[in-house]
Protein chains: 2
Amino acid sequence: MLDTAIQRLKNAGYKLTNARRMVLEILCRDDAHLTSAEVLERASLGKDPIGRATVFRTLDLLTELAIIRPTYLRPGTPHYIVMPENGHHAHIICPKCQRVIEIDDCEIEGLLDELVLRHKIKISGHLLELYGECEYCR
Amino acid sequence: MLDTAIQRLKNAGYKLTNARRMVLEILCRDDAHLTSAEVLERASLGKDPIGRATVFRTLDLLTELAIIRPTYLRPGTPHYIVMPENGHHAHIICPKCQRVIEIDDCEIEGLLDELVLRHKIKISGHLLELYGECEYCR
DNA sequence: ATAATACTGAGAGTAAGTATCAATTAGGCG
DNA sequence: CGCCTAATTGATACTTACTCTCAGTATTAT
């Protein structure tokens, strides 16, 4: 996952700097949904901590490259997820408590009925965000 | 759309106040993706403007009730979309320029191949967010 | 190894979101 | 209809999130 992300960054023509590697490592580490503040906190721990502005810049760059994706879990600040190489990520968010349930074996087709049974959850809605460079950007 | 949203608010046991109606009207008006700042701005125009804190509170409440859904179209602050009664909303976000293309006739199954043709876009990924009250919240 | 240039860090500045609490209002009920 | 009560609001101050700038530094190509 990390290696792939680094490769995608390089392929897009960006330099692999210490700061960028560190942010990617942090985000890939536990496959968690971290906020910018949490990334910042972890990036300040070791030796060679990285600056505040750089963390935000890096998160924006990685988002633009679709390597990570911000998602809304609670008011305030976005949480970032690392998108795998195939670009698929699916999870259920409880709108009440913001719990996130990861769905590892996402098959878009015929998904919903099965989810109801597997996760004991009545699906009340979904947001399918599709990513792709639009006709004006290419 | 507006009437449905108001009904859902009431059904959940909340009062229909002037402020809540105004926020809903603003969000439903052009079916746009507005930020909190944009809602705030429009809510300050007419007579009987509503306060800053109330706008944020109302957006949070409507989110919790899954009547609206925040999504990150660009860095900074989320944009809010009104979720229709059936809870389905689909759009394509260009990660580069943040353009949003609405998909009105969303059919989850067999969707992706068709989209490539229709929107002249190579889909590089998607995020399927499913909403539903989880087993711990019910 | 060097050069060109992309990138970073520090710190100050701006904007976004939250907390508090007294004043107000929606809606049930007689 | 108009009172009553609890839910909701607005003003203000405050906290936290994010951005800007620019001199200095690190990365990559050669």
Side-chain angles (χ1 to χ4, degrees), chain A residues 5-26 33-65 67-68 70-80 98, chain B residues 5-27 33-65 67-80 98:
Chain A
I6 289 173
Q7 204 49 56
R8 284 199 274 166
L9 182 69
K10 283 178 157 178
N11 289 347
Y14 292 92
K15 292 182 178 174
L16 176 60
T17 64
N18 180 52
R20 287 172 181 166
R21 192 207 319 274
M22 188 178 286
V23 169
L24 276 172
E25 278 174 6
I26 289 167
H33 311 82
L34 303 181
T35 62
S36 55
E38 288 164 343
V39 174
L40 194 48
E41 189 195 329
R42 292 170 200 216
S44 310
L45 290 181
K47 70 173 183 61
D48 241 349
I50 61 184
R52 175 177 195 65
T54 302
V55 168
F56 284 104
R57 272 189 294 236
T58 304
L59 291 173
D60 286 352
L61 174 63
L62 295 175
T63 300
E64 191 183 301
L65 297 177
I67 293 172
I68 62 176
T71 187
Y72 182 96
L73 300 184
R74 59 188 67 255
T77 189
H79 291 240
Y80 292 90
Q98 283 87 37
Chain B
I6 289 175
Q7 205 49 56
R8 284 199 274 166
L9 181 69
K10 283 179 156 178
N11 289 346
Y14 292 93
K15 291 182 179 173
L16 176 60
T17 64
N18 180 53
R20 286 173 182 164
R21 192 206 320 274
M22 188 179 287
V23 169
L24 277 172
E25 279 174 4
I26 289 168
L27 286 172
H33 310 82
L34 302 181
T35 62
S36 54
E38 289 164 340
V39 174
L40 194 47
E41 190 194 329
R42 292 168 199 219
S44 309
L45 291 181
K47 70 172 184 63
D48 242 350
I50 60 184
R52 175 180 194 62
T54 302
V55 168
F56 284 104
R57 270 190 296 237
T58 304
L59 290 173
D60 287 352
L61 173 64
L62 294 175
T63 299
E64 192 184 302
L65 297 177
I67 293 171
I68 63 176
R69 177 72 201 164
T71 185
Y72 285 96
L73 301 183
R74 57 186 69 255
T77 189
H79 291 240
Y80 292 88
Q98 282 89 38

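Numbered from 1 within each chain, the chains take letters A, B, ... in sequence-line order.
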Closest to the [X] side chain, choosing from [options]:
X        : options                   : value
Thr54(A) : dG9(C), dT8(D), dT19(D)   : dG9(C)
Arg20(B) : dA17(D), dC7(C), dT9(D)   : dT9(D)
Arg57(B) : dG27(C), dT9(D), dT18(C)  : dT9(D)
Phe56(A) : dT9(D), dT19(D), dA16(C)  : dT19(D)
Ala53(B) : dG27(C), dA19(C), dA17(D) : dA19(C)
Pro78(A) : dT27(D), dA17(D), dC18(D) : dC18(D)
Lys15(B) : dA6(D), dG9(C), dT28(D)   : dA6(D)

Check: Which part of the nucleic acid, if any, lies within reach of Ala19(B) when heavy atoms closer than 4.0 Å are counted: base, sugar-phosphate only, or nothing?
Finding: sugar-phosphate
Measure from [atom1] on [X] to [atom2] on [N] and round the result to the nearest Å.
X        : N       : atom1 : atom2 : result
Leu16(A) : dA6(C)  : CG    : C1'   : 13 Å
Lys10(B) : dA26(C) : NZ    : C1'   : 10 Å
Asp60(A) : dA6(C)  : CG    : C1'   : 17 Å
Leu59(A) : dT8(C)  : CG    : P     : 12 Å
Glu41(B) : dA15(C) : CD    : P     : 13 Å
Met22(B) : dG10(D) : CE    : C1'   : 14 Å
Glu38(A) : dA17(D) : CD    : P     : 10 Å
Tyr14(B) : dA7(D)  : OH    : P     : 10 Å

Notebook entry, point to check: Within the structure, does a side-chain N or O atom of Thr77(A) lie under 4.0 Å from either OP1 or OP2 of dC18(D)?
Noted result: yes
Notebook entry, point to check: Quick one: the side chain of Arg52(A) and the base of dG9(C), do they pair up donor-acceptor inside 3.5 Å?
Noted result: no
How close do [X] and [Y] get, counting heavy atoms only, and between which atoms?
X        : Y        : value
Ala19(A) : Thr54(A) : CB-CG2, 3.6 Å
Pro78(A) : Pro70(A) : CB-CB, 3.9 Å
Met22(B) : Lys47(B) : CE-O, 4.4 Å

Checklist line | Toward the 5' end of DNA chain C, by each residue's nearest nucleotide, Pro75(A) or Asn18(B) | finding: Pro75(A)
Check: Is the side chain of Arg8(B) donor-acceptor paired with the backbone N or O of Leu65(B) at a distance under 3.5 Å, no angle test?
Finding: no
Notebook entry, point to check: Counting only N and O atoms by type, is there a donor-acceptor contact under 3.5 Å from the side chain of Arg52(B) to the main-chain atoms of Leu40(B)?
Noted result: no
Margin query: Need to verify one output field. Residue with the more 5' nearest nucleotide on DNA chain D, Gly76(B) or Asp48(B)?
Written below: Asp48(B)
